[in-house]
There are 2 protein chains.
Amino acid sequence: MTDSAFFGHLPHKTIERLSQYRRALLLCLDNGQSHIFSHEIAKIQHITSVQVRRDLMLIGYSGTLRKGYNIQELIDLIGSIVDSEEGINVAIVGMGNLGRALIKYISGKRHKLTIVAGFDSNPEKAGTKMNGVDCYSTEKMDEIIREKEIKIGIITVPAVNTREIAARLVEAGIKGILNYTPKPIEVPDGIYLEEYDMITTLEKIAFFVKVSEEEKEPTPEK
Amino acid sequence: MTDSAFFGHLPHKTIERLSQYRRALLLCLDNGQSHIFSHEIAKIQHITSVQVRRDLMLIGYSGTLRKGYNIQELIDLIGSIVDSEEGINVAIVGMGNLGRALIKYISGKRHKLTIVAGFDSNPEKAGTKMNGVDCYSTEKMDEIIREKEIKIGIITVPAVNTREIAARLVEAGIKGILNYTPKPIEVPDGIYLEEYDMITTLEKIAFFVKVSEEEKEPTPEK
DNA sequence: ATTCTGCTGTTAATTAAATAACAGCGCAAA
DNA sequence: TTTGCGCTGTTATTTAATTAACAGCAGAAT
Ligand SMILES: NC(=O)c1ccc[n+]([C@@H]2O[C@H](COP(=O)([O-])OP(=O)(O)OC[C@H]3O[C@@H](n4cnc5c(N)ncnc54)[C@H](O)[C@@H]3O)[C@@H](O)[C@H]2O)c1
Ligand SMILES: NC(=O)c1ccc[n+]([C@@H]2O[C@H](COP(=O)([O-])OP(=O)(O)OC[C@H]3O[C@@H](n4cnc5c(N)ncnc54)[C@H](O)[C@@H]3O)[C@@H](O)[C@H]2O)c1
């Protein structure tokens, strides 16, 4: 009987990497591979093999000497740590380009993580299905979130509506929010929030590209 | 004459935050605000005011006592550090849902970061325009990347084509890659790579939601 | 056999990032 | 004026994350 709360104090970065390991391992499994070495995982993830072994140590998994790790076993173990046994229901608010990309990408990929509803204020979108996911009017948000016991909301509405939607998600009892809008939000304690902005990532790349070019051709001394 | 290479050793996290500060500051400017305190920036970004002041110290910016930071000045300074003076050209490969969302979102948002081309293997998409960005056949990738001096490529093609596209971007002389595909890639030294996966973020949220619920109703003994 | 090799698992050391602590300053109140 | 307050800027400390170091082992090479 795994007391999964035991894993509650894993480093945040380790949690992220476990999810990434699983993604990579699933691809390896598709290729018919059955075992994998720490340095192979490391290469895929652009990290060191020590990092991988350390993460696996933290979750108490042991590989076979000279044979590596059993991919299926490791996938299952990561699942037992990262996933909720009962599964978690997710909703997406804002069925535009980004919302659709997300639905298409996530749907069916993870057993324990299901997008069970999309919401949109555009009356034409309510009542339709997208990749098998029912789309509802925003008016029904509260009702459906409670009914379907949705725990996580992804926000992909236009920036101006972010605050309002976030407030309503919180009101409806959601426990986690993933905000893709460029408008940062505030949530009460006890609600887990992540925000991600592609421009930030892009600017970071641009910066390091710039820096590395400047290092090559150093600024001419006046 | 700012020798911007001077900032080459800023912590990675600081670079990310500078970009986020700017995003937030631009919003404040729109609201007619002219000055801002460190604790206000901090609140928007869900960090501490010390963190903010420390970052600003690293880039050598001083606010006015009791008045805070001049928003416009700070935006300009961040720009002088993060942006390239000549600007950087970007291409997106794969004009599906995600590619379109990105073009729409990024286009026109940053002065020094321009999406100058989209590529798609679908012949129907070649020759069209999306949000003012010309869309070309993938066959012309090499040619156009060189011609327009594109430095950064964003990959949003189906996973199976990731490797091929990445190789061709590298071949064409690109210096930075942002891979949104769930298939991790390898690039030669000197090319800056970032990969991002929304499922990882979602699973992380799901994990911490789960953990926090388990803490509330601890596992029954026995 | 026995030596070598290449991997795992773990502890120790290092580095990076965040936080705490505090000096200084200028306006505001008294 | 002088006291307090609320802010900045910087140094010191702590914590988190990564990397290095190495012991141990199973099979391969000789
Ligand atoms: N974080 C990132 O990296 C990133 C990248 C791309 C886009 N974005 C942002 O994501 C959001 C969506 O982008 P998009 O390209 O999909 O835009 P879009 O215009 O294609 O889609 C927005 C959708 O939201 C719906 N909507 C509008 N108001 C609503 C409301 N109050 N409640 C529910 N639905 C509502 C619209 O009907 C539309 O279907 C935008 O805010 C955009 O800036 C963020
Ligand atoms: N990282 C994430 O969080 C995330 C989220 C959503 C989607 N995705 C991934 O992003 C990719 C795109 O998603 P989408 O929803 O936009 O898919 P989509 O099918 O809507 O778009 C894919 C586009 O790529 C084009 N294409 C196919 N092969 C190509 C090639 N060889 N060269 C150039 N273009 C080609 C297609 O014509 C299509 O226009 C997928 O790999 C998906 O898994 C990632």
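First the proteins, then the strands, lettered A, B, ... as listed; each starts at 1. Note that the structure is predicted; figures quoted are calculated from it, not measured.
The base of dG9(C) is paired with the side chain of R53(A) by a donor and an acceptor separated by under 3.5 Å. On a pure distance criterion of 3.5 Å, no polar donor-acceptor pair joins the side chain of R54(A) and the base of dT10(C).
Taking only side-chain nitrogens and oxygens, R66(A) never comes nearer than 4.0 Å to OP1 or OP2 of dC4(C).
In this structure, S62(B) reaches the sugar-phosphate backbone alone: every heavy-atom distance under 4.0 Å involves primed, P, OP1 or OP2 atoms, never a base. When heavy atoms are screened at a 4.0 angstrom cut-off, S38(B) is found touching the sugar-phosphate backbone but no base atom.
Between L74(A) and N70(A) the shortest side-chain heavy-atom distance does not fall below 4.5 Å.
At whole-Å resolution of the value, CG in L65(A) and C1' in dG9(C) are 10 Å apart. If you measure from atom CZ of R17(A) to atom C1' of dA17(D), you get 8 Å, rounded to the nearest angstrom. Rounded to a whole Å, the NZ atom of K67(B) is 13 Å from the C1' atom of dG26(C).
Of the N and O atoms on the side chains of Y105(B) and D197(A), at least one donor lies less than 3.5 Å from an acceptor on the other residue.
One finds no salt bridge joining R22(B) and D76(B) here, because no Lys/Arg side-chain nitrogen approaches an Asp/Glu carboxylate oxygen to under 4.0 Å.
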Requested in this report: Would you sort out whether Y196(B) and E194(B) count as a side chain to side chain donor-acceptor pair (under 3.5 Å), showing the intermediate values?
Outcome: CA-CA 7 Å; Y196(B) 175 82; E194(B) 284 276 329; over 6 Å; no
